Visitor: 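Okay, here's the structure, questions in a sec.
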Amino acid sequence: MSDYSVALWSFNLGCAPESVAGLAERIEEGVRRAADGGARLLMLPEYLVECCLAFKPDGLPPEEEMGFLATVGAELISLLRPLPQTYGVSLLAGSMPVSTEEGMTNTAVLLTADGREIRQDKLCLTPFEQSPDTWHLTPGSTLRVFDLDGLKMAILICLDVEMPALSSLLAGHSLDLLLVPSMTEKPSGYHRVFGCARARAVELMCAVGVCGVVGTSKGTTQNDTNFSGAALYLPCEEEFGHTGVAADVPPTGGAAGEEPFLIAPVPFEQMRALRSGKAEVWPGAWTADHVAVTAEPDRKY
């Protein structure tokens with residue numbers, strides 16, 4: 001196996017399911033599409049479950065939306081759990097609020113074709129996510145590296161990929177694939193997340209898959225717009241065509257029903273060879289431990 005194909009689905013929140021079961025059926029269609037395209041892994045975006053606000057209880061206040069979506073999310077995962085083994089495609093079912101003893105987290109849930117469930121909390125929350133007047137979430141505290149289908153992977157949710165400190169924690173783990181589910185309201189947010197995802201591919205000498213929700217959820221009290229696309233980034237090396245862009249679908253607001261769906265191969269064996277010393281200039285898991293930062297004034301001569 002020299003390549004490992006991934007599918008990236010920028011789900012349109014305007015789909016307005018009538019029930020959790022209806023959403024699960026639509027996701028199964030995407031899993032089937034990924035399997036038919038030869039993908040081994042399908043990633044859905046951050047807060048995919050927000051489309052379930054289309055059938056929220058009447059009069060539900062904004063500060064109770066996360067509790068509702070946590071209940072919906074738990075039901076959704078139970079319905080999706082058989083799909084990876086049925087179709088032979090692991091499913092990162094986006095992220096969703098999850099109730100814990102410490103508070104409500106924004107958690108990505110990966111259901112694997114070999115029967116495991118891998119969870120990753122968002123570590124760096126936006127100010128909006130922490131607001132007591134709206135979603136009032138709690139950040140996670142653990143970054144997980146895991147093996148799947150012989151590849152080493154990790155998940156950074158949206159803003160997490162913008163944090164160099166988190167990338168540095170991953171530097172010594174020889175990742176093959178970094179997964180970045182996202183939600184960005186504006187083109188500026190899309191370019192921050194996708195630009196930083198592209199940088200992580202260079203820093204970590206790994207593939208980075210990123211996709212975000214598009215469209216507007218019926219019943220939302222929060223994001224009136226969502227703008228995103230889908231892309232697989234690779235290190236900027238001659239072997240991969242110099243640019244670092246393996247495949248991408250242009251961003252959209254999804255107003256006309258657009259829904260980017262991308263399937264692309266991950267050339268992990270070539271990346272491993274580059275990490276072993278064949279890259280153009282990559283210094284390996286380099287650290288700046290020997291570099292001092294000072295605030296000394298300029299010398300006068």
Side-chain angles (χ1 to χ4, degrees), residues 1-9 34 37-43 45 88-92 108 110 112-114 116 118 120 143-158 160-182 193-212 229-249 260-288:
M1 181 178 68
S2 58
D3 290 327
Y4 179 94
S5 288
V6 297
L8 308 169
W9 184 5
R40 299 282 300 279
L41 169 66
L42 168 63
M43 180 170 74
V89 176
S90 295
L91 172 64
L92 201 171
L110 172 61
T112 71
D114 60 12
R116 292 175 292 153
I118 297 168
Q120 176 62 59
L143 178 54
R144 183 172 184 179
V145 175
F146 55 92
D147 291 309
L148 177 61
D149 299 323
L151 276 65
K152 189 163 289 187
M153 303 185 190
I155 301 167
L156 291 176
I157 302 173
C158 201
D160 287 348
V161 81
E162 299 180 35
M163 301 296 109
L166 293 176
S167 179
S168 68
L169 292 176
L170 294 172
H173 290 275
S174 298
L175 287 190
D176 296 303
L177 178 61
L178 177 62
L179 300 169
V180 184
S182 71
V193 170
F194 278 62
C196 290
R198 193 169 175 179
R200 301 294 90 87
V202 172
E203 293 168 355
L204 300 173
M205 191 59 70
C206 74
V208 181
V210 55
C211 66
L232 180 72
Y233 296 123
L234 299 175
C236 295
E237 298 287 332
E238 182 176 1
E239 290 86 344
F240 304 136
H242 301 283
T243 66
V245 182
D248 66 347
V249 179
F261 194 104
L262 175 67
I263 298 178
V266 178
F268 68 91
E269 289 186 349
Q270 285 180 285
M271 288 189 299
R272 289 174 177 177
L274 291 169
R275 284 200 300 269
S276 71
K278 296 182 180 180
E280 187 175 352
V281 296
W282 190 65
W286 185 83
T287 67

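As the structure is a prediction and not an experimental result, all values here were calculated from the model.
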Visitor: Write down the atom of L143, the atom of L166, and the distance for their closest heavy-atom approach.
Guide: CD2-O, 4.0 Å
Visitor: What is the distance from atom CD1 of I118 to atom OG1 of T112, rounded to the nearest 0.5 Å?
Guide: 5.5 Å
Visitor: Identify the two heavy atoms, one from G229 and one from P260, that lie closest to each other, and give their separation to 0.1 Å.
Guide: CA-CG, 4.3 Å
Visitor: State, yes or no, whether a side-chain contact exists between R198 and T243 at a heavy-atom distance under 4.5 Å.
Guide: yes
Visitor: Are P267 and F240 packed together at the side-chain level, in the sense that at least one heavy-atom pair is separated by less than 4.5 angstrom?
Guide: yes
Visitor: To check you understand the geometry: which heavy-atom pair defines the closest contact between V193 and S182, and what is its length?
Guide: CG1-CB, 4.0 Å
Visitor: Has S90 got a side-chain atom pairing as donor or acceptor with A113's backbone, closer than 3.5 angstrom?
Guide: yes
Visitor: What's the separation between atom CE in M43 and atom CG in L179, rounded to the nearest 0.5 Å?
Guide: 5.5 Å
Visitor: Rounded to the nearest 0.5 Å, what's the gap from CD on Q270 to NZ on K278? Could you check?
Guide: 10.5 Å
Visitor: Please report the closest heavy-atom contact between L148 and L110, naming both atoms and the distance.
Guide: CD2-CD2, 4.3 Å
Visitor: Could you measure the distance from the CD atom of E162 to the CZ atom of R200? Nearest 0.5 Å is fine.
Guide: 9.0 Å
Visitor: What's the shortest heavy-atom distance between P235 and C206, and which atoms?
Guide: CD-O, 3.6 Å
Visitor: Side chain of Q120, backbone of A154: donor and acceptor closer than 3.5 Å?
Guide: no
Visitor: Would you call the rings of Y233 and F194 parallel, tilted or perpendicular, taking 30° and 60° as the class edges?
Guide: perpendicular
Visitor: Between R275 and M205 (side chain of the first, backbone of the second, donor and acceptor by atom type, cut-off under 3.5 Å), is there such a pair?
Guide: yes
Visitor: Quick one: pull up CG in D160 and SG in C196 and give me the separation to the nearest 0.5 Å.
Guide: 11.5 Å
Visitor: Under a 4.5 Å cut-off applied to non-hydrogen side-chain atoms, are C211 and L262 in contact?
Guide: no
Visitor: Do the non-hydrogen side-chain atoms of I155 and L92 ever get within less than 4.5 Å of each other?
Guide: yes
Visitor: Would you confirm whether S276, through its side chain, and A273, through its main-chain N or O, come within 3.5 Å as a donor-acceptor pair?
Guide: yes
Visitor: If I compare all heavy atoms of S5 with all of I263, which pair ends up nearest, and what's the gap?
Guide: CB-CG2, 4.3 Å
Visitor: L274 versus W282: any side-chain heavy-atom pair under 4.5 Å?
Guide: no
Visitor: Could you tell me whether the side chain of L8 reaches within less than 4.5 Å of the side chain of V210, counting heavy atoms only?
Guide: no
Visitor: Strictly below 4.0 Å, N to O, side chains only: are R272 and E269 in salt-bridge contact?
Guide: no
Visitor: Any side-chain heavy atom of D149 within less than 4.5 Å of one from F268?
Guide: no
Visitor: Rounded at 0.5 Å granularity, tell me how far NZ in K152 sits from CG in D176.
Guide: 8.5 Å
Visitor: Kindly indicate whether the side chain of L177, heavy atoms from C-beta on, has any atom under 4.5 Å from the side chain of L41.
Guide: yes
Visitor: Taking A171's backbone N and O only, do any of them form a donor-acceptor pair with E203's side chain (distance below 3.5 Å, no angle check)?
Guide: no
